[in-house]
Amino acid sequence: MTWLRWETFGADYLLLVFMVSLGVVQLAAAWRRLGGLSLFFRRRYPGYIFAVVIIGAGYWLFFSEPRDIPDYAGGLGGSQQFIYTLAGIAIASLFTFAVSSALNARWGRSDTGEEEGLDALKRMTYLQAVKRGFRGKSR
Amino acid sequence: MTWLIELDERLFFLINGLARKSAGFDEFMTILVGDYFIPLLMSMVLFALWFLGKDAQARERNQRTVFCTAAGVGFAAAVVKLMNLGLDRLRPFEAHPDTVNLLFYACTDPSFPSNSTAAAFAFATGAWFGNRKAGALLFLLAIVWSFTMVYCGIHYPLDIIGGAAIGILVAYAAVWVLRLVEPLPTLVLKGMRRIYLA
């Protein structure tokens, strides 16, 4: 898997956080039936399996080589790790919003106008929800 | 105090003496004790909590728990950093270089209190206030992580107890601080709900 290894330890860790966060969002989407966040599977069990595979793959890729590297020898310090974790979560969330909105563009829009926040994503994609929000404000 | 240190060291060697009996188990423990496996798992439990909850009210409670836990972990790290200025206990592998089974890299910060344990217990306690199931899972992970630190020779049991106490107390303080800064968390959540992030 050397082709997947980037130059720095930080990039490897960022990839780990990205993949695991992506899996967690898919797990939550399947559990709470947030179809607007689903990347490929809106049904519950295929969604769970997809999420577990992504999370497992992320961990496997990262831990397929020794990772007990101190921060003074190329590893990450506490604050660096915190920043990389936040960045990985943010990138995975943005990726999910963008890709799920593109893939599910023809799905949903059964807008009851009642759901707020994440609940709105049970019936529409993130992009559709944001557009609805803007329409609501311009009225 | 001498009897406490002696007891601590005896308990340390009892647990650390289990190492180097099985190469496979040692390798597994080396992965668990690392800075990435369990901490990321704990962060992801918290991240999942953001999306979960039977209804909007339960989800909001979970999201407040995420704020509270994040604040607690930050406070715990700050408290340990401050304590490290005054306390400088040698790591077990530094104090007993010939007898300790060191399965991890040689950490350079002081042994007491364990900063990783403080953060882990702050995580678990913060989550426990808002969601018992997530809290119990995080406590289990915190205990496993703490055990691996003694097993792998990087902390004494007393470092772990000190770190855990700091983590738990500081998480309590974080709940209190978050109540003090209300309505800020409510406003943040309201704003995030408007853009479908909460």
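Letters go in sequence order (proteins before strands), and every chain restarts at 1.
Shown here is Glu9(B), whose CD atom has more than 12 heavy atoms of other residues, nucleotides or ligands within 6.0 Å. Within a 6.0 Å radius of OH in Tyr172(B), other residues, nucleotides and ligands contribute 12 heavy atoms or fewer. Atom CD of Glu182(B) has more than 12 neighbouring heavy atoms from other residues, nucleotides or ligands inside a 6.0 Å radius. No more than 12 heavy atoms of other residues, nucleotides or ligands lie within 6.0 Å of CZ in Arg43(A), so this atom counts as exposed by the packing criterion.
With hydrogens and angles ignored, the 3.5 Å screen pairs a side-chain donor or acceptor of Arg32(A) with a backbone N or O of Lys54(B). Side-chain atoms of Tyr196(B) do not come within 3.5 Å of backbone N or O of Leu118(A) as any donor-acceptor pair.
Here CZ of Phe104(B) is found 5.5 Å from CG of Asp68(A). Values are rounded to the nearest 0.5 Å. With values rounded to the nearest 0.5 angstrom, Leu40(B) atom CG is found 8.5 Å from Phe62(A) atom CZ.
Phe67(B) and Val175(B) fall into different hydrophobic clusters, where Ile, Leu, Val, Met, Phe, Trp and Tyr are joined by side-chain heavy atoms under 4.5 Å apart, directly or via other members. The hydrophobic clustering, which links ILVMFWY residues whose side-chain heavy atoms are closer than 4.5 Å, places Ile161(B) and Leu14(B) apart. The cluster map of Ile, Leu, Val, Met, Phe, Trp and Tyr, joined by side-chain heavy atoms under 4.5 Å apart, puts Leu103(B) and Phe28(B) in the same cluster. Ile5(B) and Met83(B) fall into different hydrophobic clusters, where Ile, Leu, Val, Met, Phe, Trp and Tyr residues are linked whenever their side-chain heavy atoms come under 4.5 Å apart, directly or through other members. Both Phe63(A) and Tyr105(B) belong to a single network of hydrophobic side chains, linked directly or stepwise wherever heavy atoms of I, L, V, M, F, W or Y lie under 4.5 Å apart.
When the candidates Ser116(B), Cys107(B), Ala56(B), Gly53(B) are compared by the number of heavy-atom contacts under 4.5 Å with chain A, Gly53(B) comes out ahead. Your options are Thr85(A), Val20(A), Leu121(A), and the one with the most heavy-atom pairs under 4.5 Å with chain B is Val20(A). The residue among Tyr36(B), Phe51(B), Phe37(B), Trp50(B) with the most heavy atom pairs within less than 4.5 Å of chain A is Tyr36(B). Considering only heavy-atom pairs separated by less than 4.5 Å from chain B, the leading option among Ile55(A), Asp71(A), Ile69(A) is Ile69(A). Ranking Ala29(A), Ser21(A), Ser93(A) against chain B, the residue ahead of the rest is Ser21(A), based on heavy-atom pairs under 4.5 Å. Comparing Arg59(B), Met192(B), Glu27(B) by heavy-atom pairs within less than 4.5 Å of chain A, the highest count is held by Arg59(B). By number of non-hydrogen pairs under 4.5 angstrom with chain B, the leading residue of Tyr59(A), Phe82(A), Tyr72(A) is Tyr59(A).
Looking at Val24(A), the atoms closer than 4.5 Å to chain B (heavy atoms on both sides) all sit in the side chain, from C-beta outward. Heavy-atom distances place the side chain of Phe97(A), and not its backbone, under 4.5 Å from chain B. Looking at Leu27(A), there are no atoms closer than 4.5 Å to chain B (heavy atoms on both sides), in backbone or side chain. In this structure, chain A has a heavy atom under 4.5 Å from the backbone of Ala198(B), while its side chain stays farther away. Contacts between Leu189(B) and chain A at a heavy-atom distance below 4.5 Å are absent for every atom of the residue. For Gln63(B), the part sitting under 4.5 Å from any heavy atom of chain A is the side chain, from C-beta outward, and nothing else.
A salt bridge does not link Arg67(A) to Asp35(B): none of the charged side-chain nitrogens sits closer than 4.0 Å to a carboxylate oxygen.
Against chain A, no residue from residues 123-160 of chain B qualifies, as none has a non-hydrogen atom under 4.5 angstrom away.
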